[in-house]
Amino acid sequence: MRVELERFAVIGDMGTLALVSDAGSVEWFCWPRFDSPSLFGRLLDDDGGHWTIAPTATVGARRQVYLSATNVIVTRLHTDSGVVEIEDLMAVGNGVRTLVRRARCRRGSVSMRSVMTVRPDYGRRDAVVDVGGGPSGTITIDIGDPDPLHLATSVPMTADNATITAEFDLDEGESAWFALGAAAVDADDVDRAVTTTVAYWHEWTARSTYRGRWREAVERSALTLKLLTHADTGGLIAAGTTSVPEVLGGERNWDYRFVWIRDAAFTLYALLELGYAEEASAFVGWLTKRLEASAARCADADSTNPPLSPLYDLDGNDDIDEIILDHWSGYADSSPVRVGNAASRQMQLDIYGELIDSLYIADKKSDGVSIDTWNHICTIVDWVIEHWEHPDDGMWEARSGPQRYTSSLMLCWVAVERAMRMARRRGRPADVDRWQGARDEMHRTLMERGCNDGVFTQILDGDTLDSSILLAPLVKVISPTDPMWLRTLDAIGDRLARGPLVDRYDVSVSEDGLEGQEGSFTICSFWYVEALAMAGRTDEARDLFDRLLSYATPTGLFSEEIGPDGRLLGNFPQAFTHLALISAAVRLDEGLAR
C-alpha cells in the first residue's frame, strides 16, 4: 500500500516524531528517538505496523490542518452519519513523553475503530501485549526495551497478540482519548498534556520576528525545523524518515535521521533571522563539540581520516554503519530500505566552509566564540589549506568516487575567508598572511578551472552544470550581479530548471554511481529563487517562489524532491528544504522592499 507523502502531517516532541495520514493512521513512529528502530513502519512495508483511528463506515470528504501556530494536527473525516475530528499531538512541556490521540464527534453520530499493530525493531520482532499489566484501562506493551510502553484510553480495548483494537460509538459532542507513552496516564493527564502542548507551541511561535509577505509558509517551516531538533543535544536531523525513495522503484533510498554538518550555516542563518537565538545557541553548542573532536583528529599524526565526518548521530558519533532491511519491501515497493548512512565515511570538503561560516555568523551575533573554539577553528583552517586540492565525494555525496568538485573548492575558500574575518574582527591571533595566500590561490583556481565558456561547472575542467553552484552569491564568492554569475544563472535556468523546479544536475551526463533518474531537488529550487532575487530579478523570483509553494502538502510541508508527476519524493519532512524556504523568503522580502 502506498500513501502519497502529500497525505501526511508530522507531530513530535523534539525527541522523536510521527507521521499521521489524512485517513487517521500513524504510519511512521520511532521510539524513543528519531534514530531508534520503528514501532509503526507501514510507510515502508505493509507489515511494518500502524495505528489507525477511523470511522467504520466509508469516509467521504477528509481534511487535515494544523491548529494555528502549533504542531497539533486535526484530521476531519466525513461519513454519511456524521463528522469526526481526530486530534493528534506529542506532549511537550509536561515531563511525560506521550503520543496523544483524541477523537471527537462534531456532527451526527459515528461508529469508530482503533487498530494498533505494534511491530518493534523495524518489524523484526513481535511486541508482547499485557492487558492486565498496568493500571485499570491501560495496556502494557513490551517492545524489547528495558522500559515498556503504556497505552491508556477512555474506551474498552482488546488485544490479539501484537494487535490492540477498540470499537466505540460517538454521538455529537462526545469524545474518546488514547495515550501511548512511557508512563500510564489518565483523563486529567491527557487534558493537561493537550493544554500545555498547545500553549508551548503558541509561545514558541510568538517569538518569531519574521513579519514578511510569506508568514504562513515561514512559520510552518520554522515549526517543522523545531520538530526536527533534538532537545537533549541541540542537533538537527536532516529528515524524519529513512528510505523514502528519490525515484519510485529506484535505489536512491537513504537514511536521513542524522545531523549533517552541511545544514549548519543554513540552520543558524534561518534561526537567527527568525529571532530564535536560544535554538541557534544550542546548535552552536552541538557544532562546537564536533569541532573539539575534529581538532583531536588533526593532532593525531597517525590518523588518515578527515577531521570531520559529513554526518553524525544525535550523540555526536560518526561511526555509522549502513545496513539493508531485506524483509521490508520499501515505500511503494521501492527497495532497498536502508538504516544508517555510509556517507559518514566520505570525505566532503565543503563541510568545512559550512561549519566555519556558521560559527562566523554566531560570532557576529553573540559575544564571540571562546578562545578554545577559535584555536580549533585555526587547526581546521590549516588542515583545509593542506587538503583543498584533493578530490572529494562532493556535496551530493556521490558514490562514484572522488572528483574535484567546484562547489567543494568554493566552500574551502569560504572556510579560509570567514576565518580571516573572524581573526580581524576581534583581533584574534592567526597567520592571516598565509591564510590570505591560500584563499587567493583557491579563488584563482575556481575562476580559471571551475568555469567553461564563462559558466561555472560541476567539476574543475569540466563542462556539466550543477545546482550546488547556486550557493556562490549566497556565500559571497562572487557578486550576484557579476556577468560571469549571470551567465551561470541563465544556464541553470535553461538547462536544469523546469518552471520553479530545479534539478541538482543532469543525471544522464553526470556519473554519480547510482542507477536511475531522480526528481527535482526542492532545496535547489529555493536556492534558484534566492539567487534570482539577489540578481535583482525579483518579479521572476516572486512568481517562481509562489509556484514552488504550491507543491507543498496541504499542511505546508516539503520532502526532499518533487517528481515529474508533481508528487513529493524523498525523505519527509526535509529540514534543508524548509531552511532554504525561509532564506528565500527573507531574501525576497529584502528585494521587494528596495
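Throughout, numbering of the chain's residues begins at 1 and tracks the sequence.
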Among all residues two or more places apart in sequence or in another chain, which pass the side-chain hydrogen bond (donor to acceptor under 3.5 Å, both in side chains) test with [X]?
| X | value |
| --- | --- |
| Trp28 | none |
| Ser525 | none |
| Asp313 | Asn317 |
| Asp372 | none |

(request) Please name all residues satisfying ring pair (Phe, Tyr, Trp, His ring centres under 6.0 Å) with Phe34, sequence neighbours left out, ordered by chain then number. (result)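 Expected list: none.
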(message) I'd like to check the ring pair (Phe, Tyr, Trp, His ring centres under 6.0 Å) partners of Trp204; sequence neighbours left out, ordered by chain and number.
(response) Tyr276
Any salt bridge linking [X] with [Y]? Criterion: basic side-chain nitrogen under 4.0 Å from a carboxylate oxygen.
| X | Y | value |
| --- | --- | --- |
| Arg504 | Asp466 | no |
| Lys289 | Glu292 | no |
| Asp357 | Lys476 | no |
| Arg338 | Asp255 | no |
| Arg426 | Asp367 | no |

(message) Taking side-chain hydrogen bond (donor to acceptor under 3.5 Å, both in side chains) as the cut-off, I'd like each qualifying pair that reaches into residues 573-583, sequence neighbours left out, listed once.
(response) Ser221-His578, Glu530-Ser583
(message) Taking the cut-offs as 6.0 angstrom to the six-membered ring centre and 45 degrees off its axis, would you call Arg33 and Trp31 a cation-pi pair?
(response) no
If the condition is salt bridge (Lys or Arg N to Asp or Glu O under 4.0 Å), which residues does [X] pass it with, not counting sequence neighbours?
| X | answer |
| --- | --- |
| Arg425 | none |
| Asp319 | Arg345 |
| Asp392 | none |
| Arg125 | none |

(request) Compute the ring centroids of Tyr312 and Trp260, then answer whether they are less than 6.0 Å apart. (result) no
(message) Check the orientation of Trp383 and His387. Use parallel for under 30°, tilted for 30 to 60°, and perpendicular for over 60°.
(response) parallel
(message) So, taking the atom named CD in Glu389 and the one named CG in Leu460, what distance separates them when rounded to the nearest 0.5 Å?
(response)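 Answer for the CD-CG pair, Glu389 versus Leu460, is 10.0 Å.
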(request) State whether the side chain of Ser334 and the backbone N or O of Tyr331 hold a donor-acceptor pair below 3.5 Å, judged by distance alone. (result)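 Yes; judged by distance alone, with no hydrogens or angles, the pair exists.
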(message) Out of the candidates Phe521, Tyr405, Phe576, only one should pair with Trp396 under the ring-ring contact (aromatic ring centres under 6.0 Å, His included) rule; please name it.
(response)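 Considering Phe521, Tyr405, Phe576, a ring-ring contact (aromatic ring centres under 6.0 Å, His included) with Trp396 is found only for Phe521.
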Quiz: residues 264-274 side-chain donor-acceptor pairs under 3.5 angstrom, not counting sequence neighbours:
from: Thr267; atom 1: OG1; to: Asp263; atom 2: O; distance (Å): 2.6

